[in-house]
Number of protein chains: 2
Amino acid sequence: MLELGSPNNKDQIPARMSDMATINSDQELTALLHERGQRVTPQRLVIHRVLRQRDRHLTAEEVHEAVKHDLPSTSTPTVYATLDLLADLGLIRRVDAGPGPALYDARTEPHHHTICRRCGQVEDLNTPVDFSALYGAARTAGFDPMQIDVVVSGLCANCSAERT
Amino acid sequence: MLELGSPNNKDQIPARMSDMATINSDQELTALLHERGQRVTPQRLVIHRVLRQRDRHLTAEEVHEAVKHDLPSTSTPTVYATLDLLADLGLIRRVDAGPGPALYDARTEPHHHTICRRCGQVEDLNTPVDFSALYGAARTAGFDPMQIDVVVSGLCANCSAERT
DNA sequence: CTGGATGCAAACTCTTTGCATGCAT
DNA sequence: ATGCATGCAAAGAGTTTGCATCCAG
């Protein structure tokens, strides 16, 4: 326990920042998986399709529910493994926004998130932010940055109003 | 299950951004807890002291271990409840950096974090970033921002080297 | 004294593992 | 044919809950 740090010790090579790709069809996904030496399975296609078709951020469990509609035998470990794979390949983003389950998002273009501390609601923020100094500082420290995640936490409009 | 969003449904009123305070002694913490109508207990003092005295980010379990040295009977739920309380009061920061346990940090002044995707190591980045546009966008959406967390994920110097 | 804080044990949520089978290449 | 992906069941990590006792105000 407390094995400090083994969040991703698969031998999967994570995506470079430049690998971030927006996928809009099963064909594109198929091509990309092949390019990266990954197998194309019905589960992978359906899971990515679910994320493309929904416009909100989904938990692994929500993905699982939706996927079972098309592919009823799909298992929980497959959903997690596939979400991990797609995130490592840069084809989806994993959003860690505080307590509770991780969220997954097919929008790979840079954007940020707000999370409400009371109700947990997560929303997108599309405002661009200049991170060049931050990337520079990371690289100076020998760190090879792949992705940057910004979470603005606070109170959403509803919860803010309820609080008087 | 999947009760979408109840990360913090205590009636604790979260800190305003301006409430962020750097505490350097038990006296200061005592005064601040009193000011905010909170009780001062030995557990709360020791838990905050542990976070002040260590220079890295600590998990709840690491805090618990350290606290037991001074206050052997301290329980796990108390550690979690106290870390939550201190974070809600703006006296410590909770850092959610991907999978694995949450980290807690006595440094409340704005700073950012890098997390290595392979080994999970978390480090500080002190480079300032201009978030005014982001805050503006959040407020325009009716969101009341309290804190902003930036996580740069990628490969740390060691893991980057090992990968060839 | 009185309500919030604590300790204990157990439950709960989210995610991963081990192993046998199946299917993409 | 080969070996990675899948499904199943079970275990694991991290955190929370319920309830009785305790102590700060």
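Below, chain A is the first sequence line, B the second, and so on; all start at residue 1.
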| Hey, does the side chain of His34(B) come within less than 4.0 Å of dG25(D)'s phosphate (OP1/OP2), counting only N and O? | yes

| note | Residues at least two apart in sequence or cross-chain that pass side chain to side chain donor-acceptor pair (under 3.5 Å) with Gln43(A), listed by chain then number, are none

| request: Give the rounded distance in Å between these two atoms: CG of Leu103(A) and P of dC14(C). | output: 11 Å

| remark: Leu45(A) atom CG is separated from dC23(C) atom P, nearest whole Å, by 15 Å

| Per-nucleotide protein contact string for nucleotides 5-11 of chain C, where B marks a base within reach and S marks sugar-phosphate only (heavy atoms under 4.0 Å, - for neither) | SSBBB--

| message | Can you measure Tyr80(A) atom OH to dA10(D) atom P for me and round it to whole angstrom units? | response | 18 Å

| request: Could I get the full list of ring-ring contact (aromatic ring centres under 6.0 Å, His included) partners for His113(B), not counting sequence neighbours? | output: His57(B), His111(B)

| Separation of atom CG in Leu83(A) from atom C1' in dT6(D), rounded to whole Å | 15 Å

| field | Partner set under ring-ring contact (aromatic ring centres under 6.0 Å, His included) for His112(B), not counting sequence neighbours | value | Phe131(B)

| message | Angle between the end axes of the helix from dC1(C)-dG25(D) to dT25(C)-dA1(D), five pairs per end, to the nearest 10 degrees? | response | 50°

| message | From the set dT25(C), dT15(D), dT15(C), return the single nucleotide nearest to any side-chain atom of Arg94(B). | response | dT15(D)

| request: Using side chain to side chain donor-acceptor pair (under 3.5 Å) as the criterion, list what pairs up with Arg49(A), not counting sequence neighbours. | output: Asp26(A)

| field | Length of the line joining His64(A):NE2 and dC14(C):P, which is rounded to integer Å | value | 14 Å

| task | Please determine, for the side chain of Thr76(B), which listed nucleotide (dT16(C), dT16(D), dG14(D)) has the closest atom? | result | dT16(D)

| Whole Å only: how far is the CD atom of Glu62(B) from the C1' atom of dT15(D)? | 16 Å

| request: Return the set of residues passing side chain to side chain donor-acceptor pair (under 3.5 Å) with Ser73(A) (not counting sequence neighbours), or none when no residue passes. | output: none

| Mind checking what makes ring-ring contact (aromatic ring centres under 6.0 Å, His included) contact with His34(B), not counting sequence neighbours? | none

| task | Specify the separation, in whole Å, of atom CD of Glu65(B) and atom P of dG14(D). | result | 13 Å

| said: According to salt bridge (charged side-chain N to carboxylate O under 4.0 Å, His left out), does anything in residues 145-158 of chain B pair up with another residue at least two apart or in another chain? List the pairs. | reply: Arg93(B)-Asp149(B)

